[in-house]
Every structure is written in C-alpha cells, then in structure tokens.
Amino acid sequence: VQLQASGGGLVQPGGSLRLSCAGSGFSLRYYAVGWFREAPGKEREGVSCISISGDNTFYPDSLKGRFTISRDNAKNTVYLEMDSLRPEDTAVYYCAVPSPRKRTIDQCILGNMDSWGKGTLVTVSS
C-alpha cells in the first residue's frame with residue numbers, strides 16, 4: 001500500500017488549495033480515506049474522512065464549512081479542497097487508510113489508520 005499526498009504550498013490567508021491523495025499498488029476505491037494534519041509543536045489531528053462510496057463524509061466541527069473532501073474512484077484519488085485558509089491551518093497534511101480488514105469510515109473517524117502517505121506541507125502566510 002502506497003499513498004502520496006500532493007498539492008501543498010504557500011498560500012495567503014483567505015486563499016484556497018486542493019490537495020490530492022493518490023494510491024498506488026492497491027485500489028484506493030475499496031477503502032475509506034482520511035486526511036490528517038500535524039502542525040509544528042502540536043499533536044496530529046483529524047481533518048476529514050470519506051467513506052468508500054463517497055456518500056458519507058466527516059469533519060470536525062472546527063473545520064466544517066471550509067474544507068471539503070471528495071473522491072474520484074476511477075482515478076484512484078481522494079481530494080481535499082481547503083477554502084478560506086487561515087495561518088493556523090499551516091501544517092503537514094497526510095492522507096491515510098485503515099486496515100484492509102476493516103476499511104470503513106468509522107475507523108477513520110476513530111483515527112485507527114493503518115497506512116500513511118508522505119505528507120504535503122501547507123503554509124498559510126502573507
């Protein structure tokens with residue numbers, strides 16, 4: 001299982017970015033997928049989860065309305081659209097999937113992720 005997050009960069013406050021999570025060596029379409037982030041000096045936190053079908057999504061209350069997760073199973077890719085970005089959104093963003101034995105969104109919501117990709121750095125600064 002290999003995951004690769006991309007799309008990070010430097011953006012001004014109020015700007016937008018779209019992150020991508022691509023799977024290789026396996027079919028991402030059969031897994032719920034989550035985005036997580038780790039800011040300097042802070043613990044890793046969950047950002048969003050999406051179910052296998054894409055019909056169900058999860059966001060912590062603090063991020064609802066600004067971040068949108070989606071997936072294109074034909075492209076084996078999951079996206080995270082981030083709008084109205086704030087300096088406190090600065091972090092390394094990672095995508096991850098749960099264990100093959102239990103690939104559902106509830107595992108993502110619980111933070112029980114088994115495979116992690118290399119992160120992509122998002123810096124929000126003027």
Side-chain angles (χ1 to χ4, degrees):
V1 174
Q2 288 190 337
L3 296 164
Q4 180 63 57
S6 61
L10 174 63
V11 62
Q12 292 187 341
S16 298
L17 276 177
R18 188 177 79 158
L19 306 183
S20 299
C21 174
S24 62
F26 76 110
S27 292
L28 192 62
R29 70 181 66 188
Y30 298 125
Y31 289 78
V33 178
W35 285 98
F36 299 78
R37 67 185 183 185
E38 190 167 332
K42 295 185 178 180
E43 292 186 356
R44 186 177 63 205
E45 64 172 328
V47 172
S48 186
C49 298
I50 190 166
S51 64
I52 294 170
S53 67
D55 291 341
N56 296 309
T57 58
F58 169 81
Y59 308 90
D61 289 343
S62 59
L63 296 177
K64 284 182 180 177
R66 294 197 299 123
F67 288 15
T68 304
I69 192 170
S70 62
R71 66 190 304 157
D72 185 337
N73 284 338
K75 294 183 178 180
N76 220 30
T77 303
V78 170
Y79 304 98
L80 182 69
E81 180 74 33
M82 304 185 295
D83 299 317
S84 302
L85 283 163
R86 305 167 181 170
E88 54 264 38
D89 295 318
T90 295
V92 178
Y93 285 71
Y94 301 88
C95 59
V97 295
S99 165
R101 292 183 296 277
K102 199 166 185 181
R103 297 172 275 114
T104 53
I105 191 174
D106 61 308
Q107 295 301 303
C108 177
I109 295 170
L110 292 171
N112 294 336
M113 307 305 268
D114 190 63
S115 297
W116 297 80
K118 293 182 180 179
T120 185
L121 176 62
V122 173
T123 303
V124 184
S125 175
S126 56

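One-based numbering along the sequence shown.
The side-chain heavy atoms of P100 and D114, taken from C-beta on, include a pair separated by under 4.5 Å. Side-chain contact check for F58 versus S51: every heavy-atom pair is 4.5 Å or farther apart. In this structure, V122 and L19 have side chains that are in contact, with non-hydrogen atoms separated by less than 4.5 Å. Considering only heavy atoms from C-beta on, P98 comes within 4.5 Å of M113 through its side chain. Side-chain contact between Y93 and M82 is present, with at least one heavy-atom pair separated by less than 4.5 Å.
Counting only distance, with no hydrogens or angles, the side chain of Y59 and the backbone of I69 share a donor-acceptor pair below 3.5 Å. S99 places a side-chain N or O within 3.5 Å of a backbone atom of R101 that can act as its donor or acceptor partner. Checking side-chain atoms of N76 against main-chain N and O of F26 turns up a donor-acceptor pair under 3.5 Å. Listed for the R66 side chain is a donor-acceptor partner under 3.5 Å among the backbone atoms of S84. Between the side chain of R44 and the backbone N or O of Y94, no donor-acceptor pair lies under 3.5 Å.
Side-chain rings of W35 and F67 stay apart, their centers remaining 6.0 Å or farther from each other.
Distance check, rounded to the nearest 0.5 Å: CG of N56 to SG of C108 gives 12.0 Å. The CG atom of L121 lies 9.0 Å from the CG atom of L10; values are rounded to the nearest 0.5 Å. If you take CZ on R29 and OG1 on T77, they are separated by 10.5 Å, rounding to the nearest 0.5 Å. Here the OG1-CD distance, from T104 to Q107, works out to 5.0 Å after rounding to the nearest 0.5 Å. Between the CZ atom of R18 and the OG atom of S6 there is a distance of 9.5 Å, given to the nearest 0.5 Å.
Within 6.0 Å of CD on Q2 lie no more than 12 heavy atoms contributed by other residues, nucleotides or ligands.
The only member of V124, D83, T123, L85 that meets side chain to side chain contact (heavy atoms under 4.5 Å, CB included) when paired with L17 is L85. Evaluated for a side-chain hydrogen bond (donor to acceptor under 3.5 Å, both in side chains) with R37, the options D89, T120, T90 yield exactly one hit, D89. When the options L3, I52, N73 are evaluated for a side chain to side chain contact (heavy atoms under 4.5 Å, CB included) with L28, the one that passes is L3.
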(request) Let me see the working for V78 and C95 under side chain to side chain contact (heavy atoms under 4.5 Å, CB included), right down to the final yes or no. (result) CA-CA 9 Å; V78 170; C95 59; over 6 Å; no
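Two different hydrophobic clusters hold W116 and V33 under the rule that ILVMFWY side chains link at heavy-atom gaps under 4.5 Å. The cluster map of Ile, Leu, Val, Met, Phe, Trp and Tyr, joined by side-chain heavy atoms under 4.5 Å apart, puts I50 and L63 in the same cluster.
Between S53 and R71 the shortest heavy-atom distance is C-CD, 4.4 Å. Of all non-hydrogen atoms in G46 and P60, the two that sit nearest each other are O-CG, 3.5 Å.
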